[in-house]
Amino acid sequence: QRNVARIVADGARLLGPASGDQACGEIGDGRMLEPEELRDELIAHFQPKCLAGRRVLITAGPTFEAIDPVRGITNLSSGKMGFAIARAAAEAGAVVTLVAGPVHLPTPRGVARIDVRSAEQMLAAVLPLARSHDIFVATAAVADWRPAATSEHKIKKDGTGATPALAFVENPDILATVAHLPVAERPWCVGFAAESHDVVRHARDKRLRKGIPLIVANHGPSTFGRDDNALVLVDADGERELPRSDKLRLARALVAEIAARAPRAARTVA
Ligand code: CTP
């Protein structure tokens with residue numbers, strides 16, 4: 001303990017200890033971090049701290065809208081891009097909150113994660129957090145519609161071949177809701193536009209429609225579930241391409257672009 005205190009006082013950054021099974025048979029603090037964790041910590045340490053002191057709120061993944069207790073509608077978003085942005089923002093020194101739909105991804109180190117399922121739950125998680133964050137990055141592929149009613153019991157076939165009539169209602173637009181909060185409560189908003197055609201034209205329209213300063217366009221079908229992506233940043237000044245690369249590299253480049261654009265307002269962490 002004394003040696004550790006001395007090392008920290010000398011200005012060195014300590015990685016670990018991790019907690020768990022010890023060689024001596026005890027369980028608790030004292031393990032070496034896993035080699036992959038040490039590698040990631042080192043890489044993170046040497047990233048530019050362009051978001052130091054800022055709070056970033058991110059939505060990621062799909063949403064799942066229940067039809068009955070065993071089925072629902074969702075989409076092909078894997079959450080990988082949003083999780084990569086969360087990791088890149090944390091590496092850049094931000095305090096990061098990640099609101100995630102149903103995905104199978106580990107939480108990036110140092111990121112606070114809130115798991116939700118439906119669009120309504122995502123909105124309910126995001127809204128109270130918006131005012132305490134400086135930047136909001138909406139990467140979630142929120143389901144546009146949900147079933148008008150969720151059956152309490154599993155809907156059964158009745159043997160006649162009749163199919164259930166499903167009616168839908170529109171989900172709340174989480175990004176637009178945050179973007180229209182009063183100015184003093186509103187983080188600087190970044191949207192994503194997943195399109196299947198005319199990517200940039202749709203992104204330009206969407207940026208204006210949602211009232212946000214920056215939208216990041218990508219081609220949905222060629223990125224969902226993959227480890228790489230290509231992005232086009234669309235803001236009031238025009239477009240800028242971030243060429244195809246793995247999602248973490250792209251996320252780091254995007255974080256640098258966001259840091260350069262988002263005003264360092266009074267909303268920064270004390
Ligand atoms: N978004 C959101 N809430 C919704 C729908 C979308 O927060 N209910 C956000 C997404 O996270 C993304 C942006 O809005 O940042 C655009 O999402 P996208 O699905 O591309 O667009 P839509 O608004 O659904 O428009 P359209 O269906 O016409 O493409």
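As the structure lists them, so they are numbered: ligands from 1, and atoms in each ligand from 1. Note: hydrogens, waters and symmetry copies are ignored here, and every other heavy atom, side chains too, is used. Remember, predicted model here, so these are calculated numbers, not experimental data.
Closest to atom 5 (C) of ligand 1 among all protein heavy atoms lies Val142 CB, 3.8 Å.
Annotation for ligand 1: atoms under 4.0 Å from non-hydrogen atoms of Phe192 are 12 (C), 13 (C), 15 (O), 16 (C), 17 (O), 20 (O). Annotation for ligand 1: atoms under 4.0 Å from non-hydrogen atoms of Ala138 are 11 (O), 12 (C), 15 (O). Residue Leu175 has at least one heavy-atom neighbour below 4.0 Å for each of these atoms of ligand 1: 2 (C), 7 (O), 9 (C), 13 (C), 14 (O), 15 (O). Against a heavy-atom cut-off of under 4.0 Å, Pro172 is close to the following atoms of ligand 1: 3 (N), 4 (C), 8 (N). The contact set between ligand 1 and Gly191, taken as ligand atoms under 4.0 Å from a residue heavy atom, comprises 15 (O). The ligand atoms of ligand 1 that sit less than 4.0 angstrom from a heavy atom of Ala194 are 20 (O). Per-residue contacts place Ala140 under 4.0 angstrom from the following atoms of ligand 1 (heavy atoms of the residue considered): 10 (C), 11 (O).
Each of Glu37, Glu91, Glu34 was scored for a salt bridge (charged side-chain N to carboxylate O under 4.0 Å, His left out) with Arg109, with one residue passing: Glu37.
The closest side-chain donor-acceptor pair between Thr63 and Glu65 falls under 3.5 angstrom.
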Pair up each side-chain donor or acceptor in residues 1-17 with any protein partner under 3.5 Å, not counting sequence neighbours, and list the distances.
{"residue": "Arg6", "atom": "NE", "partner": "Asp10", "partner atom": "OD1", "Å": "3.4"}
{"residue": "Arg13", "atom": "NH2", "partner": "Glu41", "partner atom": "OE1", "Å": "3.1"}

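Note: an N/O pair closer than 3.5 Å links Lys206 and ligand 1 by distance alone. Geometrically, ligand 1 and Ile174 share a nitrogen or oxygen pair separated by less than 3.5 Å.
Remark: among candidates Arg207, Glu120, Lys210, the nearest residue to atom 14 (O) of ligand 1 is Lys210, based on non-hydrogen atoms.
A salt bridge does not link Arg207 to Asp205: none of the charged side-chain nitrogens sits closer than 4.0 Å to a carboxylate oxygen. A salt bridge between Glu195 and Lys206 is present, with a side-chain N of the basic residue lying under 4.0 Å from a carboxylate O of the acidic one. A salt bridge does not link Asp228 with Lys247: none of the charged nitrogens is closer than 4.0 Å to a carboxylate oxygen. Under 4.0 Å is where a charged nitrogen must lie from a carboxylate oxygen, and between Arg131 and Glu185 at least one such pair does.
His219 places a side-chain N or O within donor-acceptor distance of the main-chain N or O of Ser196, the cut-off being under 3.5 Å.
Heavy-atom contacts from other residues, nucleotides or ligands closer than 6.0 Å to CZ of Arg244 number more than 12.
Heavy atoms of Ala119 stay at 4.0 angstrom or farther from ligand 1. Using a non-hydrogen distance threshold of 4.0 Å, Ala141 does not register as a contact of ligand 1.
Under 4.0 angstrom from ligand 1, the non-hydrogen atoms of Asp144 all belong to its side chain.
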